[in-house]
Amino acid sequence: MPKSENIKSLFLDVGGVLLTNGWDRHARKRAIKNFDLDEDEVSERHHLTFDTYEEGKLSLREYLDRLVFYKKRSFTHEDFKNFMFSQSEPHPEMIELIAKLRARHNLRIITVNNEGRELNEYRIRKFKLYEFADAFVSSSFVHFRKPDKDIFRIALDISQMEPENVIYIDDRDMFVEIARSLGIHGIHHKSLEETRSLLAQKGLSLKE
């Protein structure tokens, strides 16, 4: 196992690790029910265009025009956006753990996530992720999205870290595997308790 002094940075997914997922199938199902939309149409349109939004090549309004407002609705873009944003909730104990580990071990914290710009910026501000994250390598900012290896290479460049000095934490095992293929240590996040234990095994503990 690496010693704590060899781990200088944590790369973190956001949805599923620090916060709930921003706009997953469960949130979309709630929106479909709330706004009385056709589920098949929304699902097809989402899958045809969402990657482009996450890569920062569409604004949220353009994405919603394609997803929902391709015909007249009884509600507004703002109504839908507010509902969409309201689906986000924090995982406060995970946030607290990362913030404390950062302070104790002098870690550099970098988020590496797939998310559209407007939703991502809202979540950073709403949940004050800027208070402990040093940089945000979001797909909509850098125009690469996981599973593209280049998003991890950009995170390494921005953080000025060597792969062996980094642990990447994600709730999707495939993305952890991709990070490991670049020499980055990986943790598949399943629960707070398990991730805390795995970090401690790698020397990152809050205990004296």
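Both backbone and side-chain heavy atoms feed into the values below; hydrogens, waters and symmetry mates do not. Note that the coordinates shown come from a computational prediction; the quantities given were computed from them, not determined experimentally. We're numbering straight along the sequence, starting at 1.
Atom CZ of Arg172 has 12 or fewer neighbouring heavy atoms from other residues, nucleotides or ligands inside a 6.0 Å radius. Within a 6.0 Å radius of CG in Asn106, no more than 12 heavy atoms belonging to other residues, nucleotides or ligands are found.
Using a 4.0 Å cut-off between charged side-chain N and carboxylate O, Arg180 and Glu177 make no salt bridge. Taking a cutoff of 4.0 Å between a charged side-chain nitrogen and a carboxylate oxygen, Lys146 and Asp170 qualify as a salt bridge. Between Glu121 and Arg117, at least one side-chain N (NZ, or NE/NH1/NH2) sits under 4.0 Å from a carboxylate O, which counts as a salt bridge.
The aromatic rings of Phe80 and Phe75 lie parallel to each other, their planes meeting at an angle below 30°, with 60° marking the opposite boundary.
Considering all non-hydrogen atoms of both residues, His91 and Thr20 come closest at NE2-N, 3.7 Å. The minimum heavy-atom distance linking Ala135 with Ile158 is given by the pair CB-CG2, 3.9 Å. The nearest pair of heavy atoms linking Ser88 to Arg123 is OG-NH1, 2.7 Å.
With a 6.0 Å cutoff to the six-membered ring centre and a 45° limit on the axis angle, Arg45 counts as a cation-pi contact of Tyr70.
No side-chain donor-acceptor contact under 3.5 Å links Thr195 to the backbone of His189. At least one donor-acceptor pair under 3.5 Å links the side chain of Ser139 to the backbone N or O of Glu115. Between the Asn165 side chain and the Ile7 main chain, no donor and acceptor come within less than 3.5 Å of each other.
Side-chain atoms of Ser138 and Asn120 form a donor-acceptor pair, as typed in the model, at a separation below 3.5 Å. No donor-acceptor contact under 3.5 angstrom links the side chains of Arg108 and Ser159, judged on distance only. For Thr76 and Asp79, the side-chain atoms include at least one donor-acceptor pair closer than 3.5 Å.
Here the CG atom belonging to Asn21 is positioned 7.5 Å from the CG atom belonging to Asp13, to the nearest 0.5 angstrom. Between the CD atom in Glu62 and the NZ atom in Lys57 there is a gap of 13.0 Å [rounded to 0.5 Å]. Note that CZ of Phe144 is 4.5 Å distant from CG of Asp150, once rounded to the nearest 0.5 Å. In this structure, the separation between CZ on Phe35 and CZ on Arg73 is 10.5 Å, given to the nearest 0.5 Å. Rounded to the nearest 0.5 Å, atoms CD1 (Ile151) and CD (Glu55) are 9.5 Å apart.
Remark: aromatic rings of Phe141 and Phe136 are distant, center separation not under 6.0 Å. Ring centroid separation for the pair Phe69 and Tyr63 does not come in under the 6.0 Å cut-off.
Two residues are said to be in side-chain contact when any heavy atoms from C-beta on lie closer than 4.5 Å; Asp65 and Leu58 fail this criterion.
Taking the side chain to side chain contact (heavy atoms under 4.5 Å, CB included) definition, one finds that Arg30 meets it with His26, Ala27, Phe83, Gln87, sequence neighbours left out. Take Glu93 and apply the salt bridge (charged side-chain N to carboxylate O under 4.0 Å, His left out) test, not counting sequence neighbours, and it matches no residue. Scored by the salt bridge (charged side-chain N to carboxylate O under 4.0 Å, His left out) test, Glu118 finds no partners at all (sequence neighbours excluded).
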